[in-house]
Amino acid sequence: MPRRGVRAACAMHHGCMLLSRLAQVSQEVAATSARSRKIGLLAELFRDADADDVPIVIPYLAGRLPQGRLGVGWKVLSRPVAPAAEPALTVREVHALLTELGEVSGTGAQERRARLVGELMAAATAEEQRFLLGLITGEVRQGALDAVAVEGLARATGAPAADVRRAVMLAGSLQTVAQALLARGPEALEGFRLTVGRPVLPMLAHTAASVSEAVDKLGVCAVEEKLDGIRVQLHRDGDDVRVYTRTLDDITDRLPELTGAALDLKGERFILDGEVIALDGAGRPRSFQETAGRVGSRVDVVTAARTVPVSPVFFDALSVDGQDLLDLPFAERHAELARLVPEPMRVRRTLVDGPADLSAAERFLADTLERGHEGVVIKALDAPYSAGRRGASWLKVKPVHTLDLVVLAAEWGHGRRTGKLSNLHLGARDADGSFAMLGKTFKGMTDAMLAWQTERLRELAVEDDGHVVTVRPELVVEIAYDGLQRSTRYPAGVTLRFARVVRYREDKAAAEADTVATLLAAHREVTR
DNA sequence: TTCCGACAGTGGGGTCGCAAT
DNA sequence: ATTGCGACCCCACTATCGGAA
């Protein structure tokens with residue numbers, strides 16, 4: 001790949017990071033478990049990086065390709081190519097080549113892709129080849145994502161880490177902040193302020209096991225309905241309305257109802273946080289699947305909106321009339337929200353006066369479930385809005401169901417679970433004595449359980465295709481889950497939502513496991 | 001010294017929509 | 001037409017590091 005012209009220009013601009021540098025740092029970061037050392041390694045890399053390299057270097061370090069899909073699979077990638085002896089590739093050259101690769105289409109596309117991959121691999125050293133392979137297949141796993149990169153950036157530029165973190169939350173993008181920091185230094189952070197029209201990363205909630213646990217932790221608090229819909233951030237600046245998702249995708253065009261609702265409010269400039277949900281004629285929530293399908297529809301929005309209309313329900317205000325509310329206590333932010341948004345468009349809530357008032361919180365949860373909603377979110381009244389964080393001041397509580405199911409098979413794990421049987425196939429007893437698969441889970445296992453189940457399931461194995469190990473259906477496991485969903489994939493027509501392992505039930509035989517019939521009876525609202 | 005908050009990793013199901021077959 | 005696949009929606013849980021208490 002003779003690109004001498006490009007490289008000569010690079011030398012003059014001092015930038016143009018070599019891929020070998022990135023590959024080496026990535027390897028070192030992966031090899032250490034100490035967070036502080038990871039930060040140090042990234043800081044060193046950032047000191048040498050040009051601001052223009054940032055849009056490539058940042059995603060690469062997180063193991064992501066900025067282009068997204070490339071259209072190359074294992075078949076093309078696993079062809080061995082003799083590595084180059086000397087590192088010469090720059091990250092920009094690699095980026096250009098991968099972009100070209102992603103744009104290949106039409107007749108002979110596969111062949112052309114294979115040729116480009118071959119060219120790239122031939123120009124890469126063995127270490128670079130390993131890095132590229134990991135990057136393209138999404139298996140970098142170096143224990144450092146955005147949070148570590150933020151610390152590294154702070155150390156490299158001398159900016160306070162907290163300020164960098166806040167700028168990232170307000171910009172909604174590490175890349176933007178990194179670029180500004182490397183180009184202009186710590187002063188650049190002042191440019192990142194809360195702005196109507198520019199989305200910020202939303203605050204998230206932790207899980208609490210019960211209402212009493214949450215109220216004990218938070219004291220005086222608000223208990224709010226948790227709606228099972230899609231999180232939205234609504235921005236209005238005069239006649240301009242924008243709607244963003246949790247990951248800051250702009251979905252304004254898919255939700256015409258929200259533009260209308262925003263323009264009806266008595267305020268010209270604001271940012272609101274809330275949820276959209278589809279309700280049926282009686283005002284009860286439709287299933288998450290229906291809401292998600294509606295919000296996901298992009299092509300014929302008019303028909304989708306007529307068939308499944310959605311309603312916005314807001315629970316927080318981040319900015320009103322040019323005033324940034326993020327650092328105000330929740331009680332004050334909510335007062336602003338209440339001033340702006342009439343009741344039916346605000347989430348139902350009740351105020352609870354600490355643990356002594358627990359029964360009020362319990363009643364509210366029971367009532368909320370009765371109305372068909374998912375659960376509650378319990379919020380401290382004195383806490384600021386922690387954009388982009390899973391703040392300890394928001395705790396969600398949802399009912400949890402459990403079942404005793406039978407392990408039908410297990411899949412070999414990846415990454416730190418390599419060599420362990422990880423992902424369990426779960427079955428319930430069916431009328432004819434066979435087992436109907438209800439879904440899979442890999443959650444809830446400790447390392448000890450993982451080791452134990454690997455041994456135990458190997459004893460029960462009847463087949464191993466290298467990916468799935470099928471076993472005799474004898475091992476019973478207690479599974480927690482959040483509810484049932486309709487499914488076209490599984491034979492009973494339903495699957496478990498968020499299934500996770502609680503414990504193994506060696507005291508139970510497979511014949512004592514729960515049945516499909518009892519499961520369906522317990523969730524009649526789903527199958528109706 | 002112990003505790004606990006924040007992170008990364010390990011994947012789950014569904015839906016939509018595009019591209020390849 | 002069908003099918004495979006990526007990008008997003010929703011998400012739970014454990015292990016670990018390192019600062020807070």
Side-chain angles (χ1 to χ4, degrees), chain A residues 29-30 32-39 62-65 67-71 73 102 104-107 109-110 138-151 165 204-207 209 217 226-232 245-249 251 254 275-277 287-301 304 308 374 386 388-393 396 398 400 411 413-418 420 422-426 438-450 479-490 494-502:
Chain A
V29 169
T32 178
S33 64
R35 218 177 104 92
S36 50
R37 181 155 160 69
K38 289 179 196 282
I39 292 167
R64 260 193 342 262
L65 284 170
Q67 310 68 357
R69 47 178 297 155
L70 287 181
V104 171
S105 64
T107 49
Q110 285 302 345
E139 301 196 355
V140 169
R141 292 192 191 90
Q142 53 185 22
L145 295 173
D146 282 9
V148 177
V150 161
E151 301 279 339
R165 199 176 301 122
L204 306 173
H206 274 290
T207 302
K217 272 191 185 161
K226 185 179 192 310
L227 305 178
D228 196 8
I230 307 291
R231 185 81 175 265
V232 287
T245 65
R246 193 155 96 79
T247 50
L248 312 190
D249 270 26
I251 53 165
R254 295 185 225 163
E275 191 94 359
V276 287
I277 187 165
S287 73
F288 172 74
Q289 282 165 301
E290 289 174 283
T291 299
R294 158 61 212 279
V295 177
S297 298
R298 282 158 281 180
V299 174
D300 187 357
V301 172
V308 186
E374 198 187 3
S386 311
R389 322 206 86 176
R390 212 168 268 287
S393 54
K396 57 181 161 185
K398 297 185 280 185
V400 175
E411 297 173 12
H414 299 90
R416 71 185 297 280
R417 292 193 179 186
T418 300
K420 297 283 189 297
S422 172
N423 200 3
L424 305 177
H425 295 199
L426 305 168
L438 289 176
K440 309 179 189 178
T441 186
F442 57 91
K443 294 173 183 155
M445 300 139 187
T446 62
D447 286 358
M449 284 171 83
L450 221 42
I479 298 294
Y481 65 104
D482 277 21
L484 283 194
Q485 291 175 274
R486 285 177 188 277
S487 172
T488 54
R489 177 183 313 223
Y490 293 110
V494 293
T495 186
L496 305 179
R497 195 166 182 207
F498 310 141
R500 61 266 191 191
V501 170
V502 179

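Per chain, numbering begins at 1; letters A, B, ... match sequence-line order.
- In this structure, A:Leu450 atom CG and B:dT10 atom C1' are separated by 10 Å, rounded to whole Å.
- Between A:Leu496 and A:Leu484 the shortest heavy-atom distance is CD2-CD2, 3.6 Å.
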Show, in sequence, the C-alpha distance, side-chain angles and deciding distance for A:Arg417 and A:Ser422, and conclude whether the side-chain hydrogen bond (donor to acceptor under 3.5 Å, both in side chains) test is met.
CA-CA 7 Å; A:Arg417 292 193 179 186; A:Ser422 172; 2.9 Å; yes

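- Contact record, A:Ala499 with A:Leu426: CB-CD1, 4.4 Å, taken as the closest heavy-atom pair.
- When rounded to the nearest whole Å, the span between CZ of A:Arg165 and P of B:dC7 equals 7 Å.
- Closest approach of A:Thr441 to A:Met445, counting heavy atoms only: O-CE, 3.7 Å.
- For A:Tyr490, taking side-chain heavy atoms from C-beta onward, the closest of the listed nucleotides C:dC8, B:dG13, B:dA6 is B:dG13.
- Within the nucleic acid shown, A:Val299 comes within 4.0 Å of sugar-phosphate atoms alone, with no base atom in reach, counting heavy atoms only.
- Proximity of A:Asn423 to the phosphate of B:dG12: a side-chain N or O atom is located under 4.0 Å from OP1 or OP2.
- Mapping A:Ala147 and A:Arg294 onto DNA chain B by nearest heavy atom places A:Ala147 closer to the 5' end of the strand.
- The nearest pair of heavy atoms linking A:Ala30 to A:Arg141 is CB-O, 4.1 Å.
- For A:Thr495 and B:dG14, the shortest distance from a side-chain N or O to OP1 or OP2 is not below 4.0 Å.
- Taking atom CZ of residue A:Phe288 and atom P of nucleotide C:dC8, one finds them 15 Å apart after rounding to whole Å.
- Across all strands, A:Ala292 comes closer than 4.0 Å to no nucleic acid atom at all (heavy-atom distances).
- The separation between A:Arg231 atom CZ and C:dC8 atom P is 18 Å, rounded to whole Å.
- A donor-acceptor contact closer than 3.5 angstrom links the side chains of A:Glu411 and A:His425.
- Within the structure, every side-chain polar atom (N or O) of A:His414 is placed at least 4.0 Å from both OP1 and OP2 of B:dG9.
- A donor-acceptor contact shorter than 3.5 Å links the side chain of A:Arg294 to the backbone of A:Val308.
- With DNA chain B read from its 5' end, the first of the two nearest nucleotides for A:Gln142 and A:Ala392 is the one closest to A:Ala392.
- Here A:Ser422 lies in heavy-atom contact (under 4.0 Å) with sugar-phosphate atoms only.
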Give the B/S/- string for nucleotides 11-21 of chain C, one per nucleotide from 5' to 3', where a protein heavy atom under 4.0 Å of the base yields B, of only the sugar-phosphate yields S, and otherwise -.
BBSSS-SS---

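- The two residues A:Gln289 and A:Arg486 come nearest to each other via the heavy atoms NE2-O, 3.0 Å.
- Heavy atoms only, all atoms of each residue included: A:Arg390 and A:His206 are closest at O-NE2, 3.1 Å.
- Of the possible polar contacts, one joining the A:Thr418 side chain to the A:Gly415 backbone as a donor-acceptor pair under 3.5 Å is found.
- Between the P atom of B:dG12 and the CD1 atom of A:Ile479 lies a distance of 14 Å, rounded to the nearest Å.
- Cation-pi contact between A:Arg497 and A:Phe288: present, with separation from the ring centre below 6.0 Å and deviation from the ring axis of at most 45°.
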Under 3.5 Å, which protein N or O atoms sit close to an N or O of nucleotides 5-7 of chain C? Give each pair with its distance.
{"residue": "C:dA7", "atom": "OP1", "partner": "A:Arg69", "partner atom": "N", "Å": "3.0"}

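- Distances shorter than 4.0 Å separate none of the side-chain N or O atoms of A:Thr245 from OP1 or OP2 on C:dC8.
- For DNA chain B, if you chain together Watson-Crick or G-U pairs that step i with j, i+1 with j-1 and so on, the runs of at least three with distances under 3.5 Å are B:1-6 with C:16-21, B:8-21 with C:1-14.
- Between A:Gln289 and B:dT15 there is a side-chain N or O to OP1 or OP2 distance below 4.0 Å.
- In this structure, the CD1 atom of A:Ile39 is 15 Å from the P atom of B:dA6, given to the nearest Å.
- Listed for the A:Thr245 side chain is a donor-acceptor partner under 3.5 Å among the backbone atoms of A:Asp249.
- A:Glu290 places a side-chain N or O within donor-acceptor distance of the main-chain N or O of A:Ser287, the cut-off being under 3.5 Å.
- Following rounding to the nearest Å, A:Glu290 (CD) and B:dG14 (C1') show an atom-to-atom distance of 13 Å.
- Between the P atom of B:dA6 and the CG atom of A:Leu145 lies a distance of 17 Å, rounded to the nearest Å.
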